[in-house]
Engineer: 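Handing you this structure, nothing more for now.
A note on names: the letters A, B, ... follow the listed sequences, proteins ahead of strands, and every chain is numbered from 1.
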2 protein chains.
Amino acid sequence: MVGIRDVAKKAGVSTSTVSLVINNSGYVSQNTRDRVTAAMKELNYIPNDLAKNLYKGRTDTVGVIMPTLQHPFFASLVGRIQHYLDLQGMRALLCSTADQETGEKQYVDMLQRHTLDALIMGSHSQNAQEYWEEIKRPVVAFDRYLCDSIPTVGADHISGGRLVARALIAAGVQHVVTIGGPRDRFHDRDRGIELLNARELSSRPDSSFPTVRYQLVLEDELATAGIEADYVIVEDLADLSLFLTAARSAFEDFDNVDAIVAPDLAAAAVLQEAERRGIRVPEDLQVIAYDGTYVSLFAGKQISAITQNIDETARRLVAHVMQEIERYSGGSSAVAARSVLEKASNDFQGYVSVTDNVEGVPYRFDAVKLEYIERETTTPLDDLGVE
Amino acid sequence: MVGIRDVAKKAGVSTSTVSLVINNSGYVSQNTRDRVTAAMKELNYIPNDLAKNLYKGRTDTVGVIMPTLQHPFFASLVGRIQHYLDLQGMRALLCSTADQETGEKQYVDMLQRHTLDALIMGSHSQNAQEYWEEIKRPVVAFDRYLCDSIPTVGADHISGGRLVARALIAAGVQHVVTIGGPRDRFHDRDRGIELLNARELSSRPDSSFPTVRYQLVLEDELATAGIEADYVIVEDLADLSLFLTAARSAFEDFDNVDAIVAPDLAAAAVLQEAERRGIRVPEDLQVIAYDGTYVSLFAGKQISAITQNIDETARRLVAHVMQEIERYSGGSSAVAARSVLEKASNDFQGYVSVTDNVEGVPYRFDAVKLEYIERETTTPLDDLGVE
DNA sequence: CTGTTAGCGCTTTCAC
DNA sequence: GTGAAAGCGCTAACAG
């Protein structure tokens, strides 16, 4: 391997000068620069970044942990994260926990061993709050609470659930079935929160807000409106075939169902099942996809969907990542830690919108952007204009 | 930062001993080991892998370049690649060129700068054969030819195209429309190959075989059978909305179309469009999804699909990656290079199967596994049992 | 079994 | 402007 000293020798300069040329830093006379450049060309020199990494103590790499790439929602999000990281001169080391069970531990390890500069955590954590407190390296959580010192970015699922509820109520439905993940993930177990009801949730905007939260809000609002609601559990969201099973259950296990709310892929399965049974959508059945991504477009027909602003979410995740890296490298730790506590409590920024492409359905929202942080709990919802 | 020497001092041993303990290598007395372990615990020591990387000259990281994660096919493939890399103690640095245009150059750069141990190239390359020849670092290509010294893994799209053709012919169709990418990618431009017709392709199993190849074979077989065939171009496969447009074109721009072959997501759009127009599938229209992944299951109805064996493809990609890494690190370069030339010419291993879940369609294949390398060009197809 | 020693290849003060 | 020198934190001969 040809190293910097070979170049230096060839160009008749010292290694430090070569380094200056490589990094385009400091002052080097044009003459010297040319000689060095020529030498590099001639020797076919390529710098070894591993040495640089060691010296600098960073790799410009961010670990990204997500449950699976199978779901278009996560695939899209990861794509956008990668995009924004790239803009910052960073790269993404990907881990889908569905494909790599030990991913969490492994990536946290790499973070601590300085192979990773930061971590974006989008999967359900196997570990308790204290575990995350101890890490003391840059981490940003997506759609979940890890601990007070770790900022969270995610959608405002409380508003999301409320949007669904209002849409369904406006549509005059009587019996709603929701399809979703295991109920025990409805809260962050490790935080010691018992299953909260929707009222409590609404009054605790500073608490965690995994996607599943929307279901609690939905149920609460439906109950208030006197609408029957049931729930079908999909045990493993990474096993797509279960969506088909769940869709079937929604039809078979309950009577007089006139509305189904489900994750996008499951919603597509619901449509398929409805057609098989000769049930017309939306005439006889309302279907709303939560986290609707492009799949809504390919579900056999376009369907109503609660969509998150994936691009913006990615942008913010990356922004926080950079901020955390900065904080841990530059900052005086004590003060910084304090400010993060503040931030973690207030920085729940969410984006939820409802799009409706089905003609004849009695509700229609324009896409809206909700910034949870910038408003009181319920106000903006009245602006949505439920027809 | 607490380093290995701090631990050594605390434990009253030398750094090398600590290193031995860390890596669980060599002989260390239990007593010493315990003392060292205790010291590590106490000091909260975490080894810095950057130093290790520098010394070892590797990062255990493989760059993976794919066009986009939006398509479930690539999302699945990336997931499986990650899985198999993990089994080898390696990790995947992901790059979807749709989200990061300069990805190819950047990743090749990282490969040369030793930030990456190897590269899996699944996107259309911006560079010529010579460019890849020069790299002289571990690279494996997915579904495309880069140069003679780089092994390729991919599906046998010649058989794939033939499968589609036979299925359609058996179904008695008269006018087929295929939806796909730009025709100029039908061959590897940089190799200087002119647009080949299917006959030529069949006789050149050693040539490149990007996915789109199946279309040439299909057209050729259809022409032979006297069946009309047209083609709708999707300019940018990363822009999903174009699939809807393309699906519409397939219906509007041609008359008497009774079969449509399309990438899975486009096929779903076709179904949607068909329903809108009151065209029954499969009674009035045959639809076959190429590269069918789970989306076929969620297209509103189950549809026939040519599926690749994603898991096996990933497994082989990773196997080749490890082999290339080995070759470039250990091997005597001259002999190795030669053997690779051999390998590159013969190692086109493909997996294509047709699954058909639509009742009433006059063809039905059992899932089959075709190993292109192990057979003559056409023989095994007769075993498929076209009903 | 354990310590000494010499780097891995590059970056960066700090003199000259 | 440029060079000398001191590492970044760990590994691996090689002695002992």
Engineer: Rounding to an integer number of Å, can you tell me how far A/Leu20 CG sits from C/dT12 P?
Structural biologist: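 It works out to 9 Å between those atoms.
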Engineer: Give a yes/no answer on whether the side chain of B/Ser29 brings an N or O atom under 4.0 Å of OP1 or OP2 in C/dT2.
Structural biologist: yes
Engineer: Any side-chain to backbone donor/acceptor pair from B/Arg5 onto B/Thr15? Under 3.5 Å, distance only.
Structural biologist: no
Engineer: For B/Lys9, enumerate each residue passing the side-chain contact (heavy atoms from CB on, under 4.5 Å) test, keeping only those at least two apart in sequence or located in another chain.
Structural biologist: none
Engineer: What are the bounds, 5' to 3', of the part of DNA chain D that sits under 4.0 Å from heavy atoms of chain B?
Structural biologist: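 Footprint of chain B along DNA chain D, 5' to 3': D/dG9 to D/dA12.
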Engineer: For DNA chain C, which residues in residues 53-63 of chain A have a heavy atom at a distance below 4.0 Å?
Structural biologist: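 Contacting residues: A/Tyr55, A/Lys56.
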Engineer: Is a side-chain donor or acceptor of A/Arg91 paired with a backbone partner of A/Leu85 at a separation under 3.5 angstrom?
Structural biologist: no
Engineer: Verify side chain to side chain donor-acceptor pair (under 3.5 Å) between A/Gln100 and B/Asp86, making sure each step is shown before the conclusion.
Structural biologist: CA-CA 7 Å; A/Gln100 194 176 338; B/Asp86 180 46; 3.2 Å; yes
Engineer: Check side-chain contact (heavy atoms from CB on, under 4.5 Å) between B/Tyr55 and all other residues, then give those that pass, not counting sequence neighbours.
Structural biologist: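 side-chain contact (heavy atoms from CB on, under 4.5 Å) check on B/Tyr55 returns nothing, list empty.
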Engineer: For B/Ile325, does its backbone N or O pair with a side-chain atom of B/Arg327 as donor and acceptor, under 3.5 Å?
Structural biologist: no
Engineer: Any sub-3.5 Å donor-acceptor pair from B/Asp117's side-chain atoms to B/Val62's backbone N or O?
Structural biologist: no
Engineer: Are the charged groups of A/Arg315 and A/Asp311 less than 4.0 angstrom apart, N to O?
Structural biologist: no
Engineer: Nearest whole angstrom, please: distance from the C1' of C/dG9 to the CD1 of A/Ile22.
Structural biologist: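 So the CD1-C1' distance, A/Ile22 to C/dG9, works out to 10 Å.
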Engineer: Can you measure from CD1 (A/Ile135) to CG (A/Asn127) and round to the nearest 0.5 angstrom?
Structural biologist: 7.5 Å
Engineer: Just wondering, more than 12 heavy atoms not from A/Glu133 lying within 6.0 Å of its CD?
Structural biologist: yes
Engineer: Using modelled atom types and a 3.5 Å cut-off, is there a donor and acceptor pairing between side-chain atoms of A/Tyr107 and backbone atoms of A/Leu94?
Structural biologist: yes
Engineer: Give me the residues of residues 37-52 of chain A where at least one heavy atom lies under 4.0 Å from an atom of DNA chain D, by number, or none.
Structural biologist: none
Engineer: Looking at A/Gln126, is its backbone amide N or carbonyl O close enough to the side chain of A/Glu104 to form a donor-acceptor pair, meaning the two atoms are under 3.5 Å apart?
Structural biologist: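 Yes, A/Glu104 side chain to A/Gln126 backbone: donor-acceptor pair under 3.5 Å.
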Engineer: Any donor-acceptor pair under 3.5 Å linking the side chain of A/Arg80 with the backbone of A/Glu312?
Structural biologist: no
Engineer: 5'-most contact on DNA chain C: B/Asn31 or A/Gly3, nearest heavy atom basis?
Structural biologist: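 This one resolves to B/Asn31.
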Engineer: Heavy atoms within less than 4.0 Å of DNA chain C: which residues of residues 4-16 of chain A have one? Give them sorted by number.
Structural biologist: A/Ile4, A/Ser16
